[in-house]
Amino acid sequence: MNRNPFEHNYFIGYINQVTPQYVKVHFPSSVLLKSFVFRGEQYNGGLVGNYVVIEGEQHGFLGKMLEISLPENERLELSEKSFQNKEFHPTGKIEIFYFHSIYLILQK
């Protein structure tokens, strides 16, 4: 079965910074980082060490999640109760390994 790696069901966040070595991603909801099952396969949203694909305008990119962190204001509010009642908005750092034409991937 041919699957589109850029399908919205695989979405975990938005790129908000680009450098020559890595990109930073903003996760709009910590829920997107949880494990989920899609079409019979289990996925782990944004674990450190996981590989991710990033959709660009004309190119797709393959990267590896290097780190995940919380913004300073959310980190200061951490407590056992906040984990149960509050949603967090982490950020991640992804090392880019490879890029390719999106059109070649989608045509196959």
Side-chain angles (χ1 to χ4, degrees):
M1 174 188 271
N2 192 7
R3 294 194 181 155
N4 177 357
F6 307 114
E7 191 168 324
H8 185 71
N9 290 301
Y10 303 126
F11 174 81
I12 59 172
Y14 299 101
I15 300 300
N16 64 4
Q17 181 182 2
V18 178
T19 73
Q21 294 82 22
Y22 61 87
V23 297
K24 286 199 173 182
V25 61
H26 165 73
F27 305 104
S29 169
S30 54
V31 173
L32 295 170
L33 299 177
K34 292 184 177 183
S35 296
F36 64 97
V37 175
F38 180 65
R39 292 186 178 165
E41 292 187 42
Q42 182 168 348
Y43 295 92
N44 295 305
L47 298 177
V48 171
N50 276 9
Y51 291 93
V52 296
V53 292
I54 301 166
E55 182 178 12
E57 212 168 288
Q58 296 179 352
H59 293 90
F61 301 86
L62 174 67
K64 185 175 186 179
M65 186 71 67
L66 297 178
E67 65 183 52
I68 297 175
S69 61
L70 286 174
E72 183 69 22
N73 61 336
E74 290 185 1
R75 194 168 49 241
L76 295 174
E77 297 175 5
L78 287 178
S79 70
E80 194 170 324
K81 187 175 182 178
S82 67
F83 277 115
Q84 297 170 0
N85 302 330
K86 192 171 182 184
E87 193 169 302
F88 295 99
H89 306 91
T91 60
K93 190 177 193 178
I94 300 171
E95 181 180 13
I96 300 296
F97 290 128
Y98 175 76
F99 78 95
H100 51 79
S101 169
I102 287 181
Y103 303 109
L104 294 176
I105 295 293
L106 297 179
Q107 287 176 354
K108 291 184 179 181

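Residue numbers run from 1 in the order of the sequence given.
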Path from V48 to I15 over hydrophobic side-chain contacts below 4.5 Å:
yes
When clusters are formed by joining ILVMFWY residues with side-chain heavy atoms under 4.5 Å apart, either directly or through shared neighbours, do V53 and Y22 land in the same one?
no
Over 60° means perpendicular and under 30° means parallel, so tell me whether Y51 and F97 are parallel, tilted or perpendicular.
tilted
Could you give the distance from [atom1] ([X]) to [atom2] ([Y]), rounded to the nearest 0.5 Å?
X: I94; Y: Q21; atom1: CD1; atom2: CD; answer: 15.0 Å
X: H89; Y: N73; atom1: NE2; atom2: CG; answer: 10.0 Å
X: K93; Y: E67; atom1: NZ; atom2: CD; answer: 4.5 Å

Would you mind telling me which of L62, V18, I54 makes a side-chain contact (heavy atoms from CB on, under 4.5 Å) with I96?
I54
Pairwise side-chain contact, K24 with T91, heavy-atom cut-off 4.5 Å (strictly under):
no
If you compare all heavy atoms of G13 against all heavy atoms of P28, which two are closest, and at what distance to 0.1 Å?
CA-CD, 3.8 Å
Which atom names give the shortest non-hydrogen contact between I12 and F27, and what distance separates them?
O-CD2, 3.1 Å
